[in-house]
Enquirer: 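Dropping the structure in here first, questions after.
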Number of protein chains: 2
Amino acid sequence: MKQVNGMKEIEIIKRIRKFNRSYVRSIGLLEKTFLNTDYSLTESQVIFLVKEQGKTTATAINKVLKLDEGYLSRIIKKLISNSLLTKEQSKTDKRCYEIMLTTIGIREQQKLDELSSDSIQTIISHLSESEQLELASSFDKIMKLLYGRNENEGQ
Amino acid sequence: MKQVNGMKEIEIIKRIRKFNRSYVRSIGLLEKTFLNTDYSLTESQVIFLVKEQGKTTATAINKVLKLDEGYLSRIIKKLISNSLLTKEQSKTDKRCYEIMLTTIGIREQQKLDELSSDSIQTIISHLSESEQLELASSFDKIMKLLYGRNENEGQ
DNA sequence: TAATTATATTTGCTTTTGTCAAGTAATATA
DNA sequence: TATATTACTTGACAAAAGCAAATATAATTA
């Protein structure tokens, strides 16, 4: 590892990596215990992005997820056959297919939302209200620093 | 989702979930772009835990990772055949096998460490030193709130 | 102490998840 | 109008992960 700014930077990286290890583990465990077995994490991400992006395309989804294109194509195919998504060839560019959530898809997305919220709820339930606020503020701050957005932007 | 303490709690969960989505994505991307293709994330976690725990066992590793036991057994087998780990039957309890890093394993672990540090370095490099400190403090605070430890404990 | 139960690990088999490369169709560009 | 690029799909395959049954040892209980 290149030591750019001396010891301070090393310490900072250590602290972030320590967080990552713990967080990756707990996300892994969450998935195992909470996340409903109907959809994989990747499938859930796709469902979420279709909700987020509204009428969208495989390419737009993959701008975010950067999956193998064939793989994404199959995921979409599966979600269509499960009646969560619809796909319609674009009128203006026939290479593109517009993807949307069906009514069932919206409902399933909401279920996933609830499962996810419940899992977070469980994790933070042992904290006091002020601790929970501190926690959320810390997450917001990280978001802002790393991704340049805060709690008031985006969706 | 059960609305336990009213609106504030919902907001907090939303903010945490938003962080999670971004973070899961960026960890996914990190893995794709940075992480050396020799070992999967799970294998890396095993290697790290053997380093962390010193002489250990499959069961001890799995207390943390909670993988399928057969799967973990095979991962250990692979790492042994790649000369990263050794396994020796315990003298005191012959059901158990003591697992350790080899010299090669230690070296590989260090390489993984460096890759991981480099990837963090890249991510934080656009931040000023004070922003980096703020970032690390936020991570520390979350660690403390969620896992009850801070930057001065553990390893 | 013999029989039963529990723990630690392994193995065979299967499913799920993800990758690679080649393909089709439509559009954009030179 | 030929060529390149973009959007997406498909077949073949490999890697990751899970399930259930098996083995060996240890702990418990009758």
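Within every chain, numbering begins at 1; the chains are lettered A, B, ... in the order of the sequence lines, protein sequences first and strands thereafter. Computed from a predicted model, the values in this text were never measured in an experiment.
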Enquirer: Between P on dA15(D) and CG on Asp68(A), what's the gap in Å once rounded to a whole number?
Expert: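 Rounded to whole Å, this separation is 15 Å.
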
Enquirer: Below 3.5 Å, does any donor atom in the side chain of Arg95(B) face an acceptor in the base of dT9(C), or the other way round?
Expert: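 Side chain to base: no pair present.
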
Enquirer: From dA16(D), dA26(D), dC8(D), pick the nucleotide closest to the side chain of Asp93(B)?
Expert: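 My answer, after comparing the listed nucleotides, is dA26(D).
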
Enquirer: In whole angstroms, how far is the P atom of dT10(D) from the CG atom of Leu72(A)?
Expert: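 Value for this atom pair: 13 Å.
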
Enquirer: Tell me whether the count of non-hydrogen atoms from other residues, nucleotides or ligands lying under 6.0 Å of NZ in Lys32(A) goes above 12.
Expert: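 Yes - once you tally the heavy atoms of other residues, nucleotides and ligands closer than 6.0 Å, there are more than 12.
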
Enquirer: Over how many whole Å does the gap from Glu98(B) atom CD to dT9(C) atom C1' extend?
Expert: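 After rounding, the gap between these two atoms is 14 Å.
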
Enquirer: Scan side-chain atoms only and decide if Ser90(A) and Thr92(A) contain a donor-acceptor pair under the 3.5 Å cut-off.
Expert: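 A donor-acceptor contact under 3.5 Å links the two side chains.
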
Enquirer: Specify the residue among Glu43(A) and Glu69(A) whose closest nucleotide of DNA chain C lies further upstream toward the 5′ end.
Expert: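 Nearest nucleotide further toward 5': that of Glu43(A).
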
Enquirer: Just the rounded figure in Å: distance from P of dC19(D) to CG of Leu67(B).
Expert: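 Computing the Leu67(B):CG to dC19(D):P distance gives 12 Å.
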
Enquirer: Of Lys144(A), Lys141(A), Arg15(A), which is the lone residue that meets salt bridge (Lys or Arg N to Asp or Glu O under 4.0 Å) with Glu134(B)?
Expert: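 One option only clears the test, and that one is Lys141(A).
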
Enquirer: Take the protein atom CG of Leu65(A) and the nucleotide atom P of dT17(C), then report the distance between them rounded to whole Å.
Expert: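 My rounded result for the distance is 15 Å.
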
Enquirer: For DNA chain D, what residues of residues 73-89 of chain B have any heavy atom nearer than 4.0 Å?
Expert: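 Per residue number, the list reads Arg74(B).
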
Enquirer: Between Leu85(A) and Ile99(A), which heavy-atom pair has the shortest distance, and what is it?
Expert: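 It is CD1-CG2, 3.9 Å.
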
Enquirer: Hey, would you say the Phe19(A) and Tyr23(B) ring centroids sit under 6.0 Å apart?
Expert: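 Between Tyr23(B) and Phe19(A), which both carry aromatic rings, the centre distance is below 6.0 Å.
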
Enquirer: Could you tell me the separation between the NZ atom of Lys91(B) and the P atom of dA26(D), rounded to a whole number of Å?
Expert: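 From Lys91(B) NZ to dA26(D) P: 13 Å.
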
Enquirer: Are Asp113(A) and Arg17(B) ion-paired here, with the side-chain N under 4.0 Å from a carboxylate O?
Expert: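 Salt bridge between Asp113(A) and Arg17(B), a charged N being under 4.0 Å from a carboxylate O: yes.
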
Enquirer: For Ala60(B) and Leu41(A), take the nucleotide of DNA chain C holding the closest heavy atom to each; which residue's nucleotide lies nearer the 5' end?
Expert: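 Whichever sits nearer the 5' end wins; that is Ala60(B).
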
Enquirer: Write down the atom of Lys63(A), the atom of Lys66(A), and the distance for their closest heavy-atom approach.
Expert: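 Answer, listing the atom of Lys63(A) first, then Lys66(A): O-NZ, 2.9 Å.
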
Enquirer: Closest-nucleotide mapping onto DNA chain D: is Lys32(A) or Thr59(A) further toward the 5' terminus? I mean the 5' end.
Expert: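 With Lys32(A) and Thr59(A) compared, the 5'-side residue is Thr59(A).
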
